[in-house]
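Since the structure is predicted, the reported quantities are computational estimates derived from the model, not experimental observations. Naming convention: chains lettered A, B, ... in sequence-line order (proteins, then strands); numbering from 1 in each chain. Note that these values count all heavy atoms, side chains included, but never hydrogens, waters or copies made by symmetry.
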Amino acid sequence: NAGVTQTPKFRVLKTGQSMTLLCAQDMNHEYMYWYRQDPGMGLRLIHYSVGEGTTAKGEVPDGYNVSRLKKQNFLLGLESAAPSQTSVYFCASSYDPNPMNTEAFFGQGTRLTVV
Amino acid sequence: QKEVEQDPGPLSVPEGAIVSLNCTYSNSAFQYFMWYRQYSRKGPELLMYTYSSGNKEDGRFTAQVDKSSKYISLFIRDSQPSDSATYLCAMSVVGTSYDKVIFGPGTSLSVIP
């Protein structure tokens with residue numbers, strides 16, 4: 001069981017370039033999340049999805065777009081990368097939206113540097 | 001003031017020591033508390049969770065909540081080098097969903113053999 005797989009694991013972008021981060025889960029989870037992790041700050045939610053075809057904004061959505069065309073995949077896009085988007089990005093998924101009911105499983109992260 | 005605060009460390013202890021990791025929070029409505037362990041270059045994984053006040057024990061790990069002080073702790077007994085990781089606390093209001101969970105910034109722990 002692969003769990004949650006993120007692609008790529010590392011990437012360096014130039015300011016203004018675009019890219020898409022892919023998250024794939026094989027647990028048939030309805031709920032998927034994209035976080036960023038920065039030094040001295042907790043995980044911050046960028047966008048999330050409550051099912052195929054749905055997306056919603058989290059705490060820090062600006063500069064990012066997402067799509068959930070298939071239940072198992074959740075894509076995070078950066079249309080015009082900025083140095084402030086240098087971060088480690090984590091995808092997670094859960095069977096239920098309530099943390100009291102179910103555990104969220106995280107991918108291994110994507111380290112993105114924007115120069 | 002951040003909603004959830006943790007001392008970032010790094011905390012370095014000898015093998016076998018008792019470790020205390022702590023978080024403070026400002027929202028008195030938080031009643032569900034989680035601890036995640038994150039190894040270097042890996043994603044967080046749920047270690048323990050507690051509801052409301054009191055202690056919960058799981059092997060060498062004990063999670064403690066003091067709601068009156070808005071303070072939670074994770075104790076690790078007989079610490080091992082394999083416990084070297086960053087520990088994130090996380091919390092939420094009962095009945096809310098993952099999009100409302102607040103994570104602390106994490107404390108980096110090194111257990112020296």
- Residue part contacting chain A, namely of B/V4, when any heavy atom lies under 4.5 Å: neither
- Message: How long is the straight-line distance from CZ of A/F105 back to CD of B/E45, given to the nearest 0.5 Å?
- Response: 10.0 Å
- What part of A/R44 gets closer than 4.5 Å to chain B, counting heavy atoms only: side chain, backbone, both or neither? neither
- Determine the option with the most heavy-atom pairs under 4.5 angstrom with chain B, choosing from A/N98, A/L45, A/T102. A/N98
- Item | Residues of residues 82-91 of chain A near chain B, each having a heavy atom less than 4.5 Å away | A/F90
- Task: With a 4.5 angstrom heavy-atom cut-off, could you sort out which part of B/P44 is near chain A: side chain, backbone, both or neither?
- Result: both
- Item | chain A neighbours within residues 95-113 of chain B, where any heavy atom lies under 4.5 Å away | B/G95, B/T96, B/S97, B/Y98, B/D99, B/V101, B/F103, B/G104, B/P105
- Examine whether an atom of A/L43 lies under 4.5 Å from a heavy atom of chain B, and if so say whether it belongs to the side chain, the backbone or both; otherwise answer neither. both
- Query: Given a strict heavy-atom distance threshold of 4.5 Å, which part of B/L88 is in contact with chain A: side chain, backbone, both, or neither?
  - Reply: side chain
- Between OH on residue B/Y39 and CD on residue A/Q108, distance to nearest 0.5 Å: 13.5 Å
- Option in A/A104, A/G107, A/A56 with maximal non-hydrogen atom pairs under 4.5 Å from chain B: A/A104
- Cut-off 4.5 Å, heavy atoms of chain B, and the answer for A/D96 is backbone
- Using a cut-off of under 4.5 Å on heavy-atom pairs, state which of A/P97, A/P99, A/G42 scores highest against chain B. A/P99
- Which distance, rounded to the nearest 0.5 Å, do you find between the CZ of B/R41 and the NZ of A/K9? 13.0 Å
